[in-house]
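Both ligands and their constituent atoms are indexed starting at 1 by order of listing. Quick caveat, the model's predicted, so the values are computed rather than measured.
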Amino acid sequence: MQSLQNKNIVLGISGGIAAYKGPELVRRLKEQGADVRVVLTDSAKEFVTPLSLQAVSANPVSDNLLDPQAELAMGHIELAKWADLVLIAPATANTIAKLAHGMADDLLTTIALATPAPIAIAPAMNQQMWHNSFTQENLNKLAQHGVIQLGPASGEQACGDIGLGRMLDVPELVEQVGGLSTDEILSGQHWVITAGPTREAIDPVRYISNHSSGKMGYAIAQAAQKAGAKVTLVSGPTNLAPPSQCDIVNVSSAADMHQQALSLATTATVFVACAAVADYRVAQVAEQKIKKHEDAMQINLVKNPDIVADVAALKAQRPFSVGFAAETQDVEHYARGKLAKKNLDLIAANDVAVSGQGFNSSDNALTVYSADQSIDIPLASKTQVAATLVNIIAEKLKS
Ligand code: C5P
């Protein structure tokens, strides 16, 4: 089936070298059933001609906010309303900066401000520009406003540098765009997601815990809810506001989380275990605050139940079960080991030894393993990574 059947896509092309892929992108989007109208920025016209884009899209190409003739045919507000999706590919650092500041000084950015449709950007730029903190701040701001980020990919760049910043290859980009049009694909589904750390009491005032912020689990909850699922978030203590419209069940210890998660799991379509659950709890929690006497003391720990493994072992009403693996070495080896041992359908692994991603960070990069496949989700905001992960899970559920 065509993944973009009857979808109206405004394709905004801004002025980077990847603009030359525009005609190919239009052809592939149309092959998937989309009706495509192209909007070019001035600098994009240096890389790709309006005529070739008009020929492949079979629609007039727009490039001027103040062109009376074009406005008569389909004005910029009409174009903004016509769109089911505004896709900006390539999105240059300059266009990203303008979008992040709500500027509207050309036709493309004006449409982006005027459209009620979702906006997706496929960034493309030199790797140094990509890593620049201005660019990253702008991208975070756009993610907070719900702009979807597709890519970039890593590899050799037109300028000779090697690194992150290449526009996704056209087939990959079209596949991800196809995944986005699945707006309500999760309607009727119930997702149960564990998030955050657990706290294992030592005595009435002390506990053992970890640095998990809960951001990744909360972002997955939000993405699943946006895609139409009913979401229950079983959360350890975090400083985050729960995503609106998600049911939240607050827990503290692994035992609490285990009990709540297991009783919810039998009603779930999908169970995502994102929580950093303490592996051990204190064997004998002291009833009174422990006083300091000796120079050394010992606390006996006993193993906590494995929540996701117990969910995945359910004989009846077993949900599609997804785990996480935070590793510091041999990521694939350990992740695949947990996938098999816990009987999971998918495991999302990240290398927490790499700074700037994973634990307590706002960004993440994941590799998602199933028994026979692996898919990389490149470094991006947790909001964006969550949206991609939700799409991957949705695709797996279909197969
Ligand atoms: O075995 P490890 O703790 O590394 O596995 C991580 C995965 O297992 C995560 O998905 C985590 O949420 C889940 N887990 C769990 N219950 C535990 C320990 C881990 O659900 N007691």
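- Side chain to side chain, Asp363 and Ser381 fail the donor-acceptor criterion of an N or O pair below 3.5 Å.
- The shortest distance between side-chain heavy atoms of Val177 and Gln32 does not fall below 4.5 Å.
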If you look at each N/O of ligand 1, which protein N/O atoms lie under 3.5 Å away, and at what distance?
residue, atom, partner, partner atom, Å
ligand 1, 1 (O), Lys342, NZ, 2.9
ligand 1, 4 (O), Lys338, NZ, 2.4
ligand 1, 5 (O), Lys342, NZ, 2.9
ligand 1, 8 (O), Lys342, NZ, 3.0
ligand 1, 10 (O), Ala273, O, 2.7
ligand 1, 10 (O), Phe324, N, 2.8
ligand 1, 10 (O), Phe324, O, 3.4
ligand 1, 12 (O), Ala273, O, 3.3
ligand 1, 12 (O), Ala275, O, 2.7
ligand 1, 16 (N), Ile307, N, 2.9
ligand 1, 20 (O), Ile307, N, 3.4
ligand 1, 20 (O), Val308, N, 2.9
ligand 1, 21 (N), Pro305, O, 2.8

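- Ser133 and Glu137 form no side-chain donor-acceptor contact under 3.5 Å, judged by distance and modelled atom types alone.
- The shortest distance between side-chain heavy atoms of Trp130 and Asp161 does not fall below 4.5 Å.
- At a cut-off of 3.5 Å, with distance as the only test, a side-chain donor of Tyr218 or Ser235 sits close to an acceptor on the other residue.
- Asp106 and Thr109 share a side-chain donor-acceptor pair at under 3.5 Å.
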